[in-house]
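Notes follow once the structure below has been shown.
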Amino acid sequence: MSSGCSIVWFRRDLRVEDNPALTAGVRAGNVIAVYIWAPEEEGHYYPGRVSRWWLKQSLALLDSSLKNLGTSLVTKRSTDSVSSLLEIIKSTGATQLFFNHLYDPLSLVRDHRMKEILTSNGISVRSFNADLLYEPWEVLDDEGRPFNTFTQFWDRCLSMPYDPESPQLPPKKIISGNLSKCCSETLIFEDESEKGSNALLARAWSPGWSNADKALAAFINGPLLEYSKNRRKADSATTSFLSPHLHFGELSVRKVFHLLRIKQVLWANEGNTTGEESVNLFLKSIGLREYSRYMSFNHPYSHERPLLGHLKFFPWVIDEGYFKAWRQGRTGYPLVDAGMRELWATGWLHDRIRVVVASFFVKVLQLPWRWGMKYFWDTLLDADLESDALGWQYITGTLPDGREFDRIDNPQFEGYKFDPNGEYVRRWLPELARLPTEWIHHPWDAPEYVLQAAGIELGSNYPLPIVKMDEAKARLQEALTQMWQHEASSRAILENGIEEGLGDSSETAPIAFPQDMEMEMDENTLRTNPTTTTIRHYEDQMVPSMTTSLFRGGEEESSSEIGNFREDSRAEVPINQGGDGDGEGQTVRTGNMQPPIDITRALRITDDLPADSSNSSSSSSRERDGGVVPVWSPSTSSFSETFVGEDSSYLQRRTQSHQLINNWRRLSQTG
DNA sequence: GCCGTTTTGTC
DNA sequence: ACAAAACGG
């Protein structure tokens with residue numbers, strides 16, 4: 001082997017067990033384990049308070065595990081991971097770098113750029129699959145194209161001709177590289193105002209890979225059996241609680257799969273159908289996680305843009321008041337409010353309730369789904385870009401297998417389904433604690449004397465429904481009619497031959513949220529609710545800040561965006577109505593809308609490590625020591641006529657202002 | 001026990 | 001909306 005040492009770059013693979021990059025590094029000789037904290041690279045998705053808290057704990061545990069094995073974790077604060085890596089390489093004389101794949105758009109671009117740069121500097125770079133059962137490019141239909149629905153995808157995963165890799169044991173010992181010229185920097189994950197709230201988290205959660213392992217065992221030997229039966233309960237106690245562990249890669253999903261399979265066989269032999277059903281159901285939720293990466297890889301903008309374009313002209317309600325009421329759990333629908341209060345208080349929500357509150361957000365309030373997604377990102381302990389994007393798009397109905405858009409779930413009925421005795425509501429809405437179960441999910445119907453006896457004054461200490469269900473239905477119909485009209489007139493204009501340069505000026509005017517986040521919506525199609533109050537209150541929830549963007553203001557953001565972010569808005573989530581956008585040529589209206597541009601950027605796999613002999617037979621290489629690195633390239637072999645308006649035009653709209661996107665674009669054109 | 005009808009669950 | 005499951009005459 002080479003004389004220099006290897007760098008193992010940890011990201012969201014914070015474990016020593018079944019970590020292929022670490023294993024490869026150890027096999028190659030001396031190892032320097034590195035973690036780089038560069039949240040600015042995440043753009044709008046600077047992690048929320050609870051997520052950062054978790055990361056902090058997890059890194060501490062990883063460090064102590066590494067110390068037991070013979071080295072320690074080098075931590076660096078950076079605004080540019082790649083240059084930090086280069087510095088570390090220079091100071092240590094490392095000759096190799098190992099890392100595990102990530103599939104979110106920013107990581108794919110950054111990692112590819114990193115690999116190009118390091119390789120041109122003479123460093124050997126190798127990357128691995130540590131996050132998935134199968135790499136996205138392995139799971140294809142009979143024509144070799146990616147699947148577009150979850151069911152098909154998951155069926156194929158479960159019937160692949162080969163099993164996922166078996167989990168690897170942790171290394172017995174790590175020979176440390178020379179750390180003397182490579183000192184760690186202290187990483188700061190919380191500010192003073194957050195410490196108090198964070199202290200509570202430690203009572204409920206134990207981050208870190210060894211705790212993840214325990215949590216997995218506890219779940220498999222406990223609640224798993226009844227998982228299927230309990231799925232309709234709002235109560236979190238029956239869930240696995242593994243998602244934050246999985247998000248940070250403290251737990252290998254292959255290990256989860258492996259252990260579940262063992263249980264499955266066991267229970268199948270015993271004829272335990274309950275158990276079998278539970279395993280299948282839980283496996284499916286693992287599958288959804290896989291699918292979220294799959295979708296992100298194949299449709300790299302799925303966290304920002306709808307996959308289906310059929311709602312392109314939907315007049316989303318831009319109403320700060322609604323949004324705030326939802327966040328605070330003051331919508332007047334007890335199940336929704338209880339969920340939002342739980343989320344606020346704990347950073348956690350049962351999947352069922354996530355669906356309830358999200359669907360209420362999109363269908364009843366008709367707020368744009370990306371706001372909700374961003375709020376989830378900022379508040380959830382297991383905030384995960386790919387999963388959350390998949391979930392919100394599913395709820396919104398912009399996936400090929402999503403639900404019908406005009407179906408509105410009624411929180412009152414869902415309440416009696418998921419929380420038949422009202423326990424969940426009473427726990428999180430103390431003001432309703434004394435209301436009898438008969439009325440607990442629809443207090444607005446309760447007789448006055450019942451309310452009085454329960455100490456409730458609707459509109460005072462508990463709100464009346466923010467929107468009545470029949471009004472919501474009517475409004476949804478009306479909005480759909482509007483949408484079709486917009487669509488028709490837009491099409492008419494196009495057919496009359498008004499030409500525009502492809503894509504460049506045809507996009508919709510972005511609506512910023514919060515402050516700096518662009519929403520791809522057309523101003524014309526936005527309804528501003530007449531009842532909107534624009535009063536802002538800053539005593540809003542002490543929820544993990546909407547990214548107070550402590551560090552925002554790098555070269556890629558325009559100053560107007562930075563300008564309107566204030567310290568005192570920490571707890572508030574004001575909405576910026578597009579007016580002070582990012583200064584790009586964004587003032588395009590519906591009338592100029594181009595037809596959906598059907599250039600699909602499928603991701604291509606290139607084997608750009610010819611040294612690896614295993615890659616001779618294309619992308620289905622099962623080799624774990626991957627020379628296979630995901631790279632984008634434009635592809636005209638579109639599998640997605642159904643996916644309208646994807647990627648390209650949006651890409652172009654943003655190119656001027658976003659360095660990362662620039663790189664992305666460059667890569668996609670030359671790759 | 002059978003077939004039309006209602007209910008349920010859906011990523 | 002639709003298919004599977006449960007229901008019921």
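Chain identifiers are assigned alphabetically (A, B, ...) following the order of the sequence lines, protein sequences preceding nucleic acid strands; residue numbering begins at 1 within each chain.
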Does any N or O in the side chain of A/R261 come within less than 3.5 Å of the main-chain N or O of A/H258, such that one atom is a donor and the other an acceptor?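 A pair under 3.5 Å: no.
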
Taking protein heavy atoms under 4.0 Å as touching, what does nucleotides 5-11 of chain B look like 5' to 3' if B marks base contact, S marks sugar-phosphate-only contact and - marks none? ----SBB

Qualifying salt bridge (charged side-chain N to carboxylate O under 4.0 Å, His left out) pairs with a residue from residues 348-359 of chain A, counting only residues at least two apart or across chains: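 Found A/R354-A/D382.
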
Thinking salt bridges, do A/D419 and A/R426 make one under a 4.0 Å N-O criterion?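 Judged by the 4.0 Å cut-off on N to carboxylate O distance, A/D419 and A/R426 do not form a salt bridge.
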
Going by the salt bridge (Lys or Arg N to Asp or Glu O under 4.0 Å) test, name the single residue among A/D104, A/D111, A/D131 that passes it with A/R11.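 So the option named by the test is A/D111.
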
Under 3.5 Å, sequence neighbours excluded: what are the donor-acceptor pairs made by side chains of residues 267-275 of chain A?
from   : atom 1 : to     : atom 2 : distance (Å)
A/N269 : ND2    : A/V265 : O      : 3.4
A/N272 : OD1    : A/T274 : N      : 3.3
A/N272 : OD1    : A/G275 : N      : 2.8

